[in-house]
Amino acid sequence: MTRTHVAARAVVVGGVLLAAISVVIRANAGAMDVEAGDSGATVPLWSVWLAALAGILVATLAAPRRRTAPVSPEAARPQAVGLTTLALAFTALLLTFGVAEPTFTGGKLVLLVALPLLLMRLRPVPRTRHGATARHHLGALAAVAAWGVLTFLMPWSSRTSPSTDSVPVTDLVLILVVGFVVNAVIEEVFYRRWLQTRLEDVAGPWPAIVVTSVLFASWHVALGSAGGVLHRPGPDVLVGLAGALLNQGVIGVFLGFLWARYRLMWPILLAHGALNALPLIL
């Protein structure tokens, strides 16, 4: 077994241990419910895990993994390191200054779009794509459907938002479109299509899914804090971070698995977009 394989296994084991520690932290704080997406309502943590597990199981059974042309770890490593650094910088930005505008959107545009594009232009890595079959598309659809039913349509799925009845239809449509681009599109392109793909080249699918999901979850602890979270008491930060890892981190594992298995953007955009938008319109 090579050092790379040992390190990859250590990353996966570390991710499992981190999840277990997060459960202990939340249980000790009596906080086994988490906010459901952007709705402000809460759902039990186990319901998030159940939906993700069901989606992964359906994706595994519905269709074989889509073939991808291998890229050497040496060729992919500079981009993987650079993108990981940018992900850490985005988390640090939000933890320090919070999610008030223009920090949130500006940070995304610079750290998750502009600088990654510049990096990949300066250090290009050629890739060969293999076409997806109808079975891949149907398998991805079935996985998202299974996840969606358990996320939105079960008795525990309390994801109501403040009423939007008084919001003009044109304004609501604009809010949904802008929110979809700024949140679902930018986040999924950066974290899954760009970052996870490069980490897979270096370390393999599961280590890449774990690392990407942790990075994706880490900045969510800043949501709801316009001035950053570093001024909060230490225990509050730990409880919030544990919740983000067990909520958005687990959702990230599901989305990352879909990307690793099918290499299709539309399923993960559909799932992410639904998580943000459906509570506003249901």
Side-chain angles (χ1 to χ4, degrees), residues 12 14-61 94 99 142-164 179 183-184 187-188 191 206 209-210 212-225 229 232-258 267-268 270-282:
V12 176
V16 174
L17 289 175
L18 186 60
I21 294 171
S22 297
V23 170
V24 173
I25 291 173
R26 296 290 293 194
N28 186 60
M32 293 305 289
D33 289 348
V34 290
E35 285 194 7
D38 294 337
S39 68
T42 59
V43 295
L45 271 173
W46 61 261
S47 69
V48 178
W49 308 338
L50 178 64
L53 181 61
I56 290 172
L57 181 62
V58 171
T60 302
L61 297 176
L94 297 191
V99 295
V144 172
W147 169 84
V149 167
L150 291 172
T151 299
F152 299 109
L153 301 181
M154 292 293 103
W156 57 77
S157 304
S158 175
R159 293 175 175 268
T160 56
S161 290
S163 175
T164 57
N183 296 315
E187 290 173 20
E188 293 309 318
Y191 285 99
W206 275 110
I209 292 171
V210 169
T212 303
S213 298
V214 170
L215 291 171
F216 172 70
S218 62
W219 64 262
H220 282 82
V221 71
L223 293 179
S225 175
V229 301
R232 296 182 191 171
D236 290 349
V237 175
L238 286 178
V239 171
L241 181 57
L245 291 172
L246 295 173
N247 185 14
Q248 286 89 359
V250 171
I251 294 170
V253 169
F254 167 60
L255 298 175
F257 185 84
L258 280 183
I268 59 178
L270 176 62
H272 195 148
L275 196 62
N276 290 339
L278 285 184
L280 295 175
I281 58 179
L282 289 179

If every non-hydrogen atom of [X] is compared with every non-hydrogen atom of [Y], which pair is closest and at what distance?
| X | Y | value |
| --- | --- | --- |
| Ala217 | Gly249 | CB-N, 3.5 Å |
| Ala54 | Leu150 | CB-CD1, 3.4 Å |
| Ala271 | Leu255 | CB-CD2, 3.8 Å |
| Leu258 | Ala143 | CD2-CB, 3.8 Å |
| Ala29 | Val239 | CB-CG2, 3.8 Å |
| Trp49 | Met32 | CH2-CE, 4.3 Å |

Working to the nearest 0.5 Å, report the span between [atom1] of [X] and [atom2] of [Y].
| X | Y | atom1 | atom2 | result |
| --- | --- | --- | --- | --- |
| Glu187 | Trp219 | CD | CH2 | 4.0 Å |
| Leu17 | Ser22 | CG | OG | 10.5 Å |
| Gln248 | Ser213 | CD | OG | 11.5 Å |
| Phe257 | Leu57 | CZ | CG | 9.0 Å |
| Leu241 | Ile21 | CG | CD1 | 11.0 Å |
| Leu215 | Thr212 | CG | OG1 | 6.5 Å |

Tell me whether [X] contacts the main-chain N or O of [Y] through its side chain, where contact means a donor paired with an acceptor under 3.5 Å.
| X | Y | value |
| --- | --- | --- |
| Asn183 | Gly179 | yes |
| Arg26 | Ala242 | no |
| Ser47 | Pro44 | yes |
| Thr151 | Gly148 | no |

Pair Val48-Ile251, side chain to side chain contact (heavy atoms under 4.5 Å, CB included): steps then yes or no: CA-CA 7 Å; Val48 178; Ile251 294 170; 3.9 Å; yes
Trp147 and Phe152 aromatic centres sub-6.0 Å: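 Here the rings of Phe152 and Trp147 have centres that are less than 6.0 Å from each other.
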Side-chain heavy-atom pair Val23, Leu246 within 4.5 angstrom cut-off: yes
Student check: side-chain heavy atoms of Val210 and Val253 closer than 4.5 Å: no
Full working for side chain to side chain contact (heavy atoms under 4.5 Å, CB included) between Leu45 and Asp33: CA-CA 5 Å; Leu45 271 173; Asp33 289 348; over 6 Å; no
Verdict with supporting geometry, Ile268 and Tyr191, side chain to side chain contact (heavy atoms under 4.5 Å, CB included): CA-CA 11 Å; Ile268 59 178; Tyr191 285 99; over 6 Å; no
